[in-house]
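Taking it in order: structure first as structure tokens, then the write-up.
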Number of protein chains: 2
Amino acid sequence: MAKSKSFHHGDLKRALMRSALEILDKEDVAGVTIRAVAKRAGVSHAAPANHFPDRRALLTALAAEQFAVVFDKIRAGIDAKTSDTRADLDPLDRIAVLFDSFLTYGLEYPYRYQLLWRYDLVDHEVEIVKQPADRVYDFLVGEIEKVVDRNTVDPDTVSVTIWSMMHGYLDLRMTGMFEDRRDRISGAPRAQAMLMIVRDYLHDLGSRV
Amino acid sequence: MAKSKSFHHGDLKRALMRSALEILDKEDVAGVTIRAVAKRAGVSHAAPANHFPDRRALLTALAAEQFAVVFDKIRAGIDAKTSDTRADLDPLDRIAVLFDSFLTYGLEYPYRYQLLWRYDLVDHEVEIVKQPADRVYDFLVGEIEKVVDRNTVDPDTVSVTIWSMMHGYLDLRMTGMFEDRRDRISGAPRAQAMLMIVRDYLHDLGSRV
DNA sequence: CTTTCATATTGACACTGTCTATATTGACTT
DNA sequence: AAGTCAATATAGACAGTGTCAATATGAAAG
């Protein structure tokens, strides 16, 4: 085997990513310093350099992994609901699962979620990030295209709009923008209400065909 | 006079904020370091401490100012359109102006816009930030309440949804999420198309009353 | 057993924010 | 007009950061 326990430390790369994630579960990405991660993994401050050329590379790898996690969450959610109802879900229900998976993830792991979109810390051009991120987005576009009539409205615009709404809500929540009176119904219930708006909108579009 | 030219430097506080903004127009907020701002203003690296206890305070003051700028933009936009048509705008048009002002600002000054929502760098609890930010948001809520029927849908949720969409689009654009095929119609035209969706949605809501 | 080379360590450098002690200087008091 | 005071600016230091270079370690290959 090539990846188990062999060298000085034994798969330090994985250990570093795990340490980084553990920090990210407690604090802001600012706390994920090379030195802190190294210390937590029990190695010297320069050891990570052998596996990640710089901090950006470490955080990029972490984000890539998490994008994949989100995609798996969506897939699992759809599978679960499908086997429940013993029938294929219609596009609106599948979009609802996407929406729900995303919001659940974001509300449960705010710092992980934030990392995903820190373009100053994560390289979104690199393939290991692009691919899993695309898979999620493409899924949304695919479902929207099934629902929407091209002659009535541009499916791309609808996709961008829904994705924006989803992300915007999570991002703004973390700034505290929606706290206090603004979010009397906060967190998941609010998200459900937002989903209803999307549902209504899409349903209306469908019936206009 | 108390604020013109008097002390060692002469209203260094203003000069520092101007320097910071100039940097922010060229690069990420990461480039807005205390030392860089000080150098640009022609003072020593510790001089800013007399006016801002720490970097957070400087960035908070900057964000506060910019929130006010955005609000003024909206107000000016509405005034302009009102004097054009020589009649009061209906709520949908006023929301359109809000939408447009925000997106124009965000697309023109991406780094300024991003600073507004960096809760790790800006104190959103402090009054100088809260007040101008609230004024913008309250404006949106006020107009939505005029359009929406409380029995059909919760106006708060609609406000949160629209605000989220607006912010989410700008934020995601900067990560590159909507580049390439995803945003063939990019920037302002895409924003216009999104606004259309909002318009349609709100209009339908209105006609259901 | 020796060589080899990926991996890990130590130490250094430039940069950051922030603290302390010191110097400057405009404005007010007498 | 002279002298005091308080606000403002400076210089230097410190701990922390990412990253680079030189060195050490040790598992696997010959």
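None of the values given here were measured: they were computed from a predicted structure. These values consider heavy atoms only, across backbone and side chains, with no hydrogens, waters or symmetry-generated copies.
- Ion pairing between Asp28(B) and Arg118(B) fails under the 4.0 Å rule for side-chain N and carboxylate O.
- At the heavy-atom level, His45(A) lies under 4.0 Å from base atoms of the strands shown.
- Counting to the nearest Å, the P atom of dT18(C) and the CG atom of Asn50(B) are 14 Å from each other.
- In this structure, the NE2 atom of His51(A) is 12 Å from the P atom of dA6(C), given to the nearest Å.
- Within residues 15-39 of chain A, the residues approached by DNA chain C to less than 4.0 Å at the level of any non-hydrogen atom are Arg35(A), in residue-number order.
- Side-chain atoms of Asp171(A) never come within 3.5 Å of backbone atoms of Gly168(A) as a donor-acceptor pair (strictly under, hydrogens ignored).
- Closest of all the heavy-atom pairs between Leu202(B) and Val147(B) is O-CG1, 3.9 Å.
- Between the P atom of dT18(C) and the CG atom of Leu58(B) lies a distance of 10 Å, rounded to the nearest Å.
- Taking atom CG on Leu121(A) and atom C1' on dG18(D), their separation rounds to 13 Å, with Å as the unit.
- Atom CZ in Arg55(A) sits about 13 Å away from atom C1' in dT19(D), given to the nearest Å.
- Note: CG (Leu59(A)) to C1' (dG18(D)) measures 12 Å, nearest angstrom.
- The aromatic rings of Trp117(B) and Phe67(B) lie perpendicular to each other, with more than 60° between the two planes, well past the 30° mark.
- Here the two rings, on Trp163(B) and Phe99(B), have centers that are 6.0 Å apart or farther.
- Between the side chain of Arg18(B) and the backbone N or O of Ala41(B), no donor-acceptor pair lies under 3.5 Å.
- When the nucleotides dT19(D), dC19(C), dG17(C) are ranked by their closest atom to the side chain of Ala46(B), dC19(C) comes out on top.
- Atom CG in Asp54(B) sits roughly 11 Å away from atom P in dG17(C) (whole-Å rounding).
- The NZ-C1' distance, from Lys13(B) to dA9(D), rounds to 16 Å in whole Å.
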